[in-house]
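The next block holds one structure in the form of structure tokens; read it before the comments.
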Amino acid sequence: MSVRRSFSEGGWPRLRPLLLAIAFPLALLAIWHFATVNRPASLIPPPYDVWLELRDLAFGGINDDAYSKTLHIHLLASIARVYGGFVLALAAALPLGMLIGRVPLVRQLVDPTIQILRPVPVTAWLPLAMIIFGLGPRSAFFLVFLGAFYPILVNTIFGVRSVEPRLFEAASMLGCTGTAQFFRVVLPAALPSIFTGMRLSLGFAWVVIVVGEMTGVQTGLGAIIMEARQLSRTEIVISGMIVIGIFGFLSDQLVMLIGRRLLAWSPSHG
Amino acid sequence: MAEAAIPILEMKNVGKTYAQGGRAIEALRGANLRVKKGEFICLIGASGCGKSTLLRLAAGFESTTSGDNLMWGVPIAGPGPSRGMVFQDYGLFPWLNVRDNIGFGPKSRGRARVEIRETVDRFIELVGLQDFADVYPHQLSGGMKQRVAIARVLANDAEVVLMDEPFGALDAMTRERLQDELVEIWSRTGLTVLFVTHSIEEAIFLGDRVVVMSPGPGRIDNEYLIDLPRPRDIASREFNEWRRLLSSQLHSHHARKAG
Ligand SMILES: Nc1ncnc2c1ncn2[C@@H]1O[C@H](COP(=O)(O)OP(=O)(O)OP(=O)(O)O)[C@@H](O)[C@H]1O
Ligand SMILES: [Mg+2]
């Protein structure tokens, strides 16, 4: 009886968005399935083959080749680069953004240069990165860093520059001036923007990880995608894409969760 | 004896000209105002006659172009805790809850944590927000926000409270409640209040003195000592006489300006 009640009262409205969210990918999956199954000439493997490959990558026991049971190695390598690059980008872009935003001299000095460098896509940096940092993980790291850098920088500058002037007046008439004003007014007021920047930046780090791992590293989701492409193991390519999608999504959810805690005061975040 | 003669705020022949995009806007010319400690002064006048400018000069947010702008006989050099401002748009810190907004001033001035807590508790109670201590500004009504803004200034030991149309955005009921509470707080604490309003009725209800300003350029026109006993009855004959007098005063400016 209690089961029935919970279904009729709370179940359906809660289930509905979930079912709707699943309906679309299920439809895509069906199209994919019927377009590829029992067609040996198809260059794209059917979903079930990809599912088997994904299981083999994770747990082994199906193909027993060089890729079996290696998913965790590649996943960890990519996660380390994504978060490493992200943290480094944060450490560099946050103080720089605050300086550009609040100190006119710094703004005049570096802002034009940054505005010109910003449109250069990460892929265009690839050859130069490999010359400077050599083949291997350091180049990958640098490219992820670069991708994560600008969103934080741009949003930090915006955040610290768009503090409501009224709040400075309120702070100074309450006796809060100078550097104290920076820490007690500018920083908290800019937090929502900074946070938006961090979220975009982490998302971008996941996007550039494949390019970053094109620099000849041995491990990483990007690395096996590139390698599998050369071996025409398309089911591994798709498996890698799926794993990146899932972990990028989870990573974003985590950031959102932290944001909701930290920005409970903000009507647009809390 | 001599000290008692020094007004808490004094403006002597104050002029203020803003420079805006190469154009000079004369907002105030030859303004004279003396405010005694404990007085409740209301400023009224047509839009653009420099009421906010005068208040912002007293706060120290702007500096005078000419004349003297003094507190206790000393030139006002900038904003400070002795003069607290209550803005029409509240100016609360959205990332601080009610408690921390009120404690912002004492904390800035390095008070001990226990002392801040006591002060905050006292003023939260004064404005009747005990049940909302942990709530953020965006969850409060306009009237509650303005209560927080008032408590924030009082908790910081302001001697002068400067209020720029503080109740202008509130509905009539809330407005009347806050007017009553403000008078109550003022009479208990011995604060000095400088209060800008567009409402003649509000000015007569609140003020010991009503200062009428006129535009083009902004200047102080006339002052009226409101000798009605408190609490004031807005329906009384005397109140209505004041209302008529001030209303004709204000309208004569419009007529003069138009003609
Ligand atoms: N920061 C500023 N820069 C340039 N001009 C200003 C500035 N502040 C005010 N003014 C001008 O000074 C004059 C007086 O403005 P003020 O805001 O003091 O008037 P007010 O009496 O408060 O008007 P209201 O009743 O509409 O609030 C106006 O002409 C206004 O345009
Ligand atoms: Mg004004």
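This one's a predicted model, so the numbers in the text were calculated from it and none came from an experiment. Just so we're on the same page: letters track the sequence lines, and every chain starts at 1.
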Can you name the closest pair of heavy atoms from A:G101 and A:V160 and give their distance? CA-CG2, 3.6 Å
Restricting to non-hydrogen atoms, name the atom on A:L221 and the atom on A:S78 that form the minimum distance, rounded to 0.1 Å. N-OG, 2.8 Å
Atom OG in B:S108, atom CG in A:L174: separation rounded to 0.5 Å? 6.5 Å
Honestly, the part of B:N97 sitting under 4.5 Å from a heavy atom of chain A is neither
At a 4.5 Å cut-off on heavy atoms, which part of B:F61 comes close to chain A: side chain, backbone, both, or neither? side chain
Contact leader toward chain A among B:A158, B:G91, B:S82, where contacts are heavy-atom pairs under 4.5 Å: B:G91
Under 4.5 Å from any heavy atom of chain A, what part of B:R83 do you find: side chain, backbone, both or neither? backbone
Under a 3.5 Å distance rule, please check whether B:Q20 uses its side chain to pair with a backbone N or O of B:I25 as donor and acceptor. no
So which part of B:L162 gets closer than 4.5 Å to some heavy atom of chain A, the side chain, the backbone, both or neither? neither
Applying a strict 4.5 Å limit to non-hydrogen atoms, the region of B:R152 in contact with chain A is both
Using every non-hydrogen atom in the two residues, find where B:L140 and B:K145 come nearest and quote the distance to one decimal. O-CE, 3.3 Å
Most heavy-atom pairs under 4.5 Å with chain B, out of A:A171, A:G175, A:P188, belong to A:P188
Less than 4.5 Å apart, side chain to side chain, heavy atoms only: is that true for A:P267 and B:Q139? no
